[in-house]
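Worksheet for the structure shown next.
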2 protein chains.
Amino acid sequence: MSVSKTIPVAWQRAHDHGQCIAPAINAAARICESRGIRLTPLRRRVLELVWENHKPVGAYGLLDELKREHSSAAPPTIYRALDFLVEQGLVHRIQSLNAYVGCNDPGHSHKGMFLICNDCGDALEIEDKGVANTIDRFASRLGFLLTSQSVEAAGLCPGCQEA
Amino acid sequence: MSVSKTIPVAWQRAHDHGQCIAPAINAAARICESRGIRLTPLRRRVLELVWENHKPVGAYGLLDELKREHSSAAPPTIYRALDFLVEQGLVHRIQSLNAYVGCNDPGHSHKGMFLICNDCGDALEIEDKGVANTIDRFASRLGFLLTSQSVEAAGLCPGCQEA
DNA sequence: TATTGTTATGATATAATATAACAATATCCG
DNA sequence: CGGATATTGTTATATTATATCATAACAATA
């Protein structure tokens, strides 16, 4: 599944995180350790499964994978793990897909946004202070106390426009 | 349910759309007429129900209301009507709530964003070219062809911060 | 090491949200 | 009118998510 050279680097990276799994797990372990919380074997494994999928995966997709090696897994098993990972900012939930994807830059503020391809299903996480700041300004102008924000845009990625 | 005077006007409006139902329906009727599509009695009624709720409502909440007067209504009934209304930009879907809310400004481009109160559940629609344009720029810089975008921020509205 | 409080997981059931598929009507338009 | 298209009815099922209570692992303290 090689990607044309005309496609911007940032998007290519989304297709190429096969090598990102181990570093992501290590980073997660360090973050959890520094926060004094536990990345248990189960949580770690779910995080790996999220990364092993190269696209956003649904909870039940992850559950099926987990069940193969962990027969006691049930919906609450996966949802608890995902809730934990999302709370800690190690995984993002894509609201418009009811799906989960590993965070490229955990430990930071998580004001990212996603570009989601309707064709191949891939999602590119973008760090963008501009959008986040604009939302912050709006909120404070209206007296609204922000706790989270979700910015998702859908369309066609460069690769999928060619077809 | 009066609102403190210290609360910005824009937010108050979200609490005060009791008077907005009829104009919203009329606007919808005009828009559909001009597009040569049919705002059938069923679709019109669902749109009214969306507006009669002063907050985002789920599909099954709407279905329960519709059933009282339309006993044949079933899940497909409400989802079809909602799909139509969303497609036509008369209703917005709030992804993070799986809920629907009337569009304050139908006929326009729908690059709005929502501020959603975690306490009272109300959602304020904001027209904001800044965020939309930033997303557009990002997308075109990456060669991504945008078709839709969803910007949702959650937190506490002014009224709910007082408690 | 007991005890106790806290956090995490197991297990079962069910709630909540959404769609598939096909039949029956209604509406449009030649 | 009559055929094509769009809308609604109907039943069944898929998909996503939580409630609940029991048990196990871990942490802190005495």
Look at Thr40(A) and dA25(D) and indicate whether a side-chain polar atom (N or O) is within less than 4.0 Å of OP1 or OP2.
no

Criterion side-chain contact (heavy atoms from CB on, under 4.5 Å) on Leu39(A) and Leu85(A), from CA distance to verdict:
CA-CA 9 Å; Leu39(A) 186 65; Leu85(A) 295 169; 4.3 Å; yes

Look through every strand shown and name the nucleotide pairing with dT29(D) as Watson-Crick or G-U wobble, where both distances are under 3.5 Å.
dA2(C)

Let's go through Val101(B) and Phe114(B) carefully: what are the C-alpha distance in whole Å and the side-chain angles of both, what is the deciding distance for side-chain contact (heavy atoms from CB on, under 4.5 Å) to 0.1 Å, and is it a yes or a no?
CA-CA 10 Å; Val101(B) 67; Phe114(B) 287 94; 3.8 Å; yes

Would you check if Arg44(B) and Ile25(B) make a side-chain contact, meaning some heavy-atom pair closer than 4.5 Å?
yes

Measure CG/Leu97(A) against C1'/dT19(C) and give the value in whole Å, please.
17 Å

How many whole angstroms separate atom CD1 of Ile37(B) from atom P of dC29(C)?
14 Å

How about Gln95(B) and Ser150(B): does a side-chain donor come under 3.5 Å of a side-chain acceptor?
no

Have a look at Arg44(B) and say if it touches a base, only the backbone sugar-phosphate, or nothing, with a 4.0 Å heavy-atom cut-off.
nothing

Please report the distance, rounded to the nearest Å, between CZ in Arg45(A) and P in dT9(C).
15 Å

Can you tell me how far P of dC26(D) sits from CZ of Arg43(A), to the nearest Å?
12 Å

Check whether any side-chain heavy atom of Asn53(A) lies under 4.5 Å from a side-chain heavy atom of Leu62(A), and answer yes or no.
yes

Short question: side chain of Gln149(B), backbone of Asp136(B) - any donor-acceptor pair under 3.5 Å?
no

Phosphate contact (dT9(C) OP1 or OP2) by Ser72(A) side-chain N/O below 4.0 Å:
no

Should the pair Arg45(B)-Glu52(B) be classified as a salt bridge under the 4.0 Å nitrogen-to-oxygen rule?
yes

Between P on dA16(C) and OH on Tyr60(A), what's the gap in Å once rounded to a whole number?
14 Å

By a strict heavy-atom criterion of less than 4.0 Å, which residues belonging to residues 74-91 of chain B are in contact with DNA chain D?
Ala74(B), Pro76(B), Thr77(B), Arg80(B)

Within the pair Asn98(B) and dA18(C), is there a side-chain N or O less than 4.0 Å away from OP1 or OP2?
yes

Pick the closest DNA chain D nucleotide for Gly61(A) and for His70(B) by heavy atoms, then say which residue is nearer the 5' end.
His70(B)

Tell me the interatomic distance from Leu62(B), atom CG, to dA16(C), atom P, rounded to whole angstroms.
15 Å

Whole-Å distance separating the CG atom of Leu63(B) from the P atom of dG9(D):
12 Å

Paired nucleotide for dT13(D) [Watson-Crick or G-U wobble; both distances under 3.5 Å]:
dA18(C)

Specify the separation, in whole Å, of atom CD of Gln95(B) and atom P of dT17(C).
14 Å

Looking at dA11(C), dA17(D), dT27(C), which one has an atom nearest to any side-chain atom of Arg38(B)?
dT27(C)

